[in-house]
Amino acid sequence: MRLRRLTGYGPGQPLKDQALEGRQFSIRALTAFLIILAAIFLLSLRYVYLQLISYEEFTARSINNQVRIVPVPPNRGLIYDRRGRPVAENRPAYRLELVPEKTADLKATIEALGRIVELPEDAFERFAENRKRYRVFDSVPLKFNLTEREMARFAVDRHRFDSVEIVPYLARYYPYGDLLTHVLGYVGRLDVNDLNRVDEGNYRGTTHIGKAGIERFYEDGLHGLSGIERIETNVQGRVLTVLDRENPVPGNDLILALDVQVQQAAWDALGDRPGAVVAIDPNDGSVLAMVSKPAFDPNLFVHGISSEDYRNILNAPGRPLFNRPLLGGYEPGSTLKPFIGLAGLELGAVTADDRVFSSGQFFLPGTSRPYRDWKRGGHGWVNMLGALEQSVNTYFYQLALDLGIDRMHDYLAQFGFGSVTGMDLLGENAGVLPSREWKRGHLSQPWYPGETVIAGIGQGFNVVTPIQLANAVATLANGGTRFEPRLLYAAKHAGDRQADKIQAPVGSLLPVRDPANWDLVHAGMRLVVHGEKGTARTIRPESGFEVAGKSGTAQVAAQALDEDMDETTATHLRHHALFIAYAPYDKPSIAVAAVVEHGGGGSREAAPVARAVIDAWLSQELFR
Amino acid sequence: MRRLIPGWIQWPQLDVPLLLGLLLLMAFGLVVLYSASGENLDVVYRQGIRLGVGLLVMLALSQVPPHILRIWTPWLYAVGVVLLLATWFAGVGRGAERWLDLGLFRFQPSEIMKLAVPMMLAWYLHPRRLPPEPVVLVVSCVILVVPAVLIARQPDLGTALLVAISGGFALFLSGLQWRVILGMAGIAVAAAPALWMVMHEYQRNRVRTFLDPESDPLGSGWNIIQSKIAVGSGGLTGKGWLHGTQSRLEFIPERHTDFILAVLSEELGLIGVILLFSVYLFIVGRGLYVASLARTTYARLLAGSLSLTFFVYVLVNAGMVSGLLPVVGVPLPLISYGGTSIVTLLAGFGILMSIYGHRNFIR
């Protein structure tokens with residue numbers, strides 16, 4: 001009964017007036033319907049607002065949503081040597097990319113990836129730095145050049161990494177490794193600083209940029225022009241269709257003047273001694289070989305070098321990172337004598353027949369300090385030819401005094417000593433060609449006559465780089481045309497069948513007062529190799545062609561310059577051995593400068609290197 | 001003709017205009033679903049099956065006279081509350097304890113409540129003098145609040161509100177005085193801070209996002225923004241069926257379930273939206289008309305509150321899709337893909353059909 005009363009289903013309930021209730025209900029139902037009408041009217045107004053009034057705004061946003069403009073990086077131009085051997089290639093590779101905005105915990109994700117693929121310890125910091133040049137929702141590369149093993153491991157765990165993708169790309173590869181490092185340089189990961197020197201828009205999709213060498217110098221041409229793809233993507237950014245595409249223009253292929261075989265010959269000839277070799281074609285200033293030893297594998301830098309590898313290179317003996325031909329400053333020593341001889345002849349300070357007596361010692365008038373010949377007891381009476389053949393110091397001491405330092409400076413400067421050659425690599429060292437003015441400017445000291453004397457044999461303040469020296473030899477060999485040396489021989493634009501030959505620019509044409517003077521110096525250099533008393537007669541070719549050369553020894557420790565240094569002298573105290581040469585004597589096609597660090601005597605150590613280079617080049621030229 | 005049919009088969013007395021309205025809506029829905037599912041016929045097929053099952057349930061219920069339903073009502077309500085309590089202990093599901101695994105199929109007890117709460121209130125108010133007296137009002141509120149609270153803590157705020165609203169409609173239709181209605185609305189507003197306190201963090205985020213979606217355009221504001229872009233870029237005539245970019249490229253979240261109206265708006269434009277609203281309006285209007293035809297309090301209140309609740313679905317969903325209301329998991333009735341909601345909704349229309357068919361019964 002209680003339950004019945006509670007629920008109302010039982011007796012004792014008041015009678016309900018069904019008709020009244022029905023009318024009441026109908027009024028309420030009608031009210032409700034009117035409220036509904038009002039509600040749906042307001043709702044419709046909302047849709048009118050969105051779909052009619054804001055139509056254009058939302059249409060724009062919808063198009064913005066669906067279409068992404070994606071840069072298509074151009075394929076980097078390939079690099080060949082002058083015989084068409086590829087020296088810088090592009091190889092298919094895979095990299096790992098990550099979209100930071102879609103990653104919940106970036107640090108944790110990178111740490112987790114680090115357990116699957118090999119990442120450096122500071123991967124997160126590096127990534128954070130790299131991210132700066134990308135836009136919001138761009139995919140940022142995390143790791144380049146995945147190994148097959150890494151790819152397989154990632155594939156297994158892929159579901160854990162929504163925002164991470166494996167992306168194919170073309171990776172730079174240098175098949176000759178350290179042989180060409182200091183010529184080609186290398187490409188490395190494009191970073192924020194690099195963007196200052198390029199057109200940022202053109203590099204939107206590019207991950208690597210030339211960091212050194214040819215790769216850096218010809219970056220613009222090698223890179224090409226970025227293309228654009230307008231793609232339709234879904235919300236995950238997956239590409240559904242390519243709406244249209246503006247194809248990238250691939251970078252130019254470069255053909256170097258350099259001959260890998262000649263380069264290899266120079267490399268091998270140096271053996272395990274640090275040194276530098278530069279060979280230039282005197283006819284057009286093209287660089288045939290440019291060796292710096294030791295070097296390092298540039299491929300290590302392409303994919304981001306690990307700190308361990310980098311430490312190893314830094315700490316390796318012989319400073320492999322140092323580009324000797326370009327930056328190495330060496331005392332030219334006797335290799336400068338042919339140029340000083342020519343200066344004497346051309347400026348009228350000496351004639352071909354003027355003779356000087358070499359007693360083994362030379363004194364400035366009124367002084368007692370001896371300047372020595374390398375041969376005890378001296379060479380006796382010598383003229384220009386003999387002085388060059390036997391490298392007679394006394395002859396050049398006297399000549400230097402007769403010329404005076406400033407005339408000597410001005411003449412040698414025409415060969416490019418003391419200034420950069422202007423070759424197609426960055427960061428060249430200018431070396432030092434001393435003069436009164438130079439010394440006042442740089443050392444704030446007056447010039448002393450004794451300094452003129454030793455300048456006559458290329459010592460004292462003189463500093464040359466191998467490239468400078470080789471270019472001076474080329475200029476001497478071709479009779480006075482100084483080119484700005486060029487590693488680049490020709491460039492092939494994408495789509496062209498023929499490569500455009502690049503002409504090395506002429507830096508200057510030296511004034512020739514009398515060609516006979518030049519011939520005399522050439523003859524003197526020929527005697528160095530072919531003369532009875534020539535200092536480098538050991539490298540005389542048996543037959544076929546003749547070589548003109550000149551040895552030199554650069555002082556390392558403050559020590560008297562005798563060519564016969566003791567075998568027991570500690571290596572790092574030994575002199576640098578230098579040799580310059582050109583060949584064939586009658587129609588030069590190669591000019592060489594070779595430096596063997598701490599090699600000792602120039603003719604014994606450096607001359608065979610130069611000879612090996614000449615042989616490699618001429619055998620190619622003759623039997624082509 | 002009639003003579004050929006045995007007399008014991010009683011032809012269902014269906015409300016033909018209501019049935020046509022529903023069938024039109026379903027057909028419309030399947031067409032939109034085909035596009036919204038990414039032209040996936042399988043999805044359309046499964047939705048068709050579900051609608052078919054729903055129609056069968058509707059047909060079956062339309063044959064049960066309202067007074068029989070009334071007798072069952074307390075039991076249905078009791079079972080619903082017990083099942084809701086069961087989800088406290090045996091609930092399964094992704095994060096929210098909404099589902100009860102019955103072995104063969106999983107099932108959301110809160111769906112029962114969408115019907116059981118208005119039925120229970122109609123049952124309770126049926127023998128009483130209307131408008132309800134204060135004591136009756138208090139008991140009604142308890143009938144309404146208990147399941148709403150149980151559902152809210154699952155947590156499923158959207159369904160809880162819908163259940164509460166459906167009960168509220170029963171009270172409204174019972175002739176509750178306006179001052180009482182306004183007073184209760186005042187209490188509800190005052191209780192809002194308390195509600196905020198008991199909300200889950202994700203629910204609060206939805207409200208925050210709703211208030212300012214652009215504040216977090218990549219996070220929780222994303223859904224609302226993308227949905228608005230879809231609707232807005234549809235314009236007057238739409239981008240064309242199967243040609244909605246926002247939908248096809250999956251920028252619309254939940255595009256074939258809760259946000260299917262965004263797909264419709266994008267592809268069929270304002271014209272499509274107005275057309276859809278018209279069909280809904282017709283169905284609700286017809287439902288209210290059926291309610292006014294009924295002769296008993298129970299039938300009237302039940303038919304009226306079911307119709308109005310149906311419309312609230314539309315209002316909440318369309319408001320959500322257009323960024324007027326926060327994102328709550330309310331489907332677009334009979335159009336959104338899946339869920340037990342289709343069967344529940346059609347069961348409700350079965351009751352309406354029954355009320356229409358038995359409108360001349362006094363009991």
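Note that the structure is a prediction, hence the values are computed from the model and not measured. In the text below, chain A, chain B and the rest are named by the order of the sequence lines, each starting its count at 1.
Most heavy-atom pairs under 4.5 Å with chain B: of the set A/T31, A/I36, A/I53, this distinction falls to A/I36. Taking chain A as the reference chain and counting heavy-atom pairs below 4.5 Å, the highest number among B/L288, B/V136, B/V284 is found for B/L288. Most heavy-atom pairs under 4.5 Å with chain A: of the set B/S292, B/G175, B/S322, B/G304, this distinction falls to B/S322. In terms of heavy-atom pairs under 4.5 angstrom with chain A, the leader among B/S174, B/S265, B/G319 is B/S265. Between chain A and the residues B/V312, B/L315, B/T297, the most heavy-atom pairs under 4.5 angstrom are made by B/T297. Contact tally against chain B (heavy-atom pairs below 4.5 Å) for A/T59, A/I63, A/I40: the top residue is A/I40. Per-residue heavy-atom pair counts under 4.5 Å with chain B were compared for A/F33, A/F58, A/Y49, and the maximum is reached by A/F58. With chain B as the partner, the residue from A/L42, A/L20, A/I27, A/V48 showing the most heavy-atom pairs under 4.5 Å is A/V48.
Within a 6.0 Å radius of OH in B/Y289, no more than 12 heavy atoms belonging to other residues, nucleotides or ligands are found. Atom CD of B/Q177 has more than 12 neighbouring heavy atoms from other residues, nucleotides or ligands inside a 6.0 Å radius. The neighbour count for B/W178 CH2, taken as heavy atoms of other residues, nucleotides or ligands under 6.0 Å away, is above 12. The neighbour count for A/E57 CD, taken as heavy atoms of other residues, nucleotides or ligands under 6.0 Å away, is above 12.
Separating the CZ atom in A/R28 from the CG atom in B/L301 is a distance of 11.5 Å, to the nearest 0.5 Å. Considering CG of A/N64 and OG of B/S233, their distance stands at 12.0 Å, rounded to 0.5 Å.
Interface residue B/L261: only side-chain heavy atoms are found under 4.5 Å from chain A. Contact annotation for B/V231: both backbone and side-chain heavy atoms come within less than 4.5 Å of a heavy atom of chain A. Within the 4.5 angstrom heavy-atom criterion, only side-chain atoms of A/L52, from C-beta onward, approach chain B. With a 4.5 Å cut-off on non-hydrogen atoms, B/P74 does not touch chain A at all. Within the 4.5 angstrom heavy-atom criterion, only side-chain atoms of A/Q24, from C-beta onward, approach chain B. Looking at B/F172, the atoms closer than 4.5 Å to chain A (heavy atoms on both sides) sit in the backbone and in the side chain alike.
Between A/Y55 and B/L236 there is no side-chain heavy-atom pair separated by less than 4.5 Å. Side chains of A/Y47 and B/I274 form no contact here, defined as non-hydrogen atoms less than 4.5 Å apart.
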Which is it for A/S54 and B/K228 under the side-chain hydrogen bond (donor to acceptor under 3.5 Å, both in side chains) test, yes or no, and what are the steps along the way?
-> CA-CA 10 Å; A/S54 312; B/K228 276 164 69 179; over 6 Å; no

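Nearest heavy atom pair, residue A/R61 against residue B/I225, reads NH2-CG2, 3.1 Å.
Each of B/E266, B/K239, B/Q226 was checked for a side-chain hydrogen bond (donor to acceptor under 3.5 Å, both in side chains) with A/S62, and the lone residue meeting it is B/K239.
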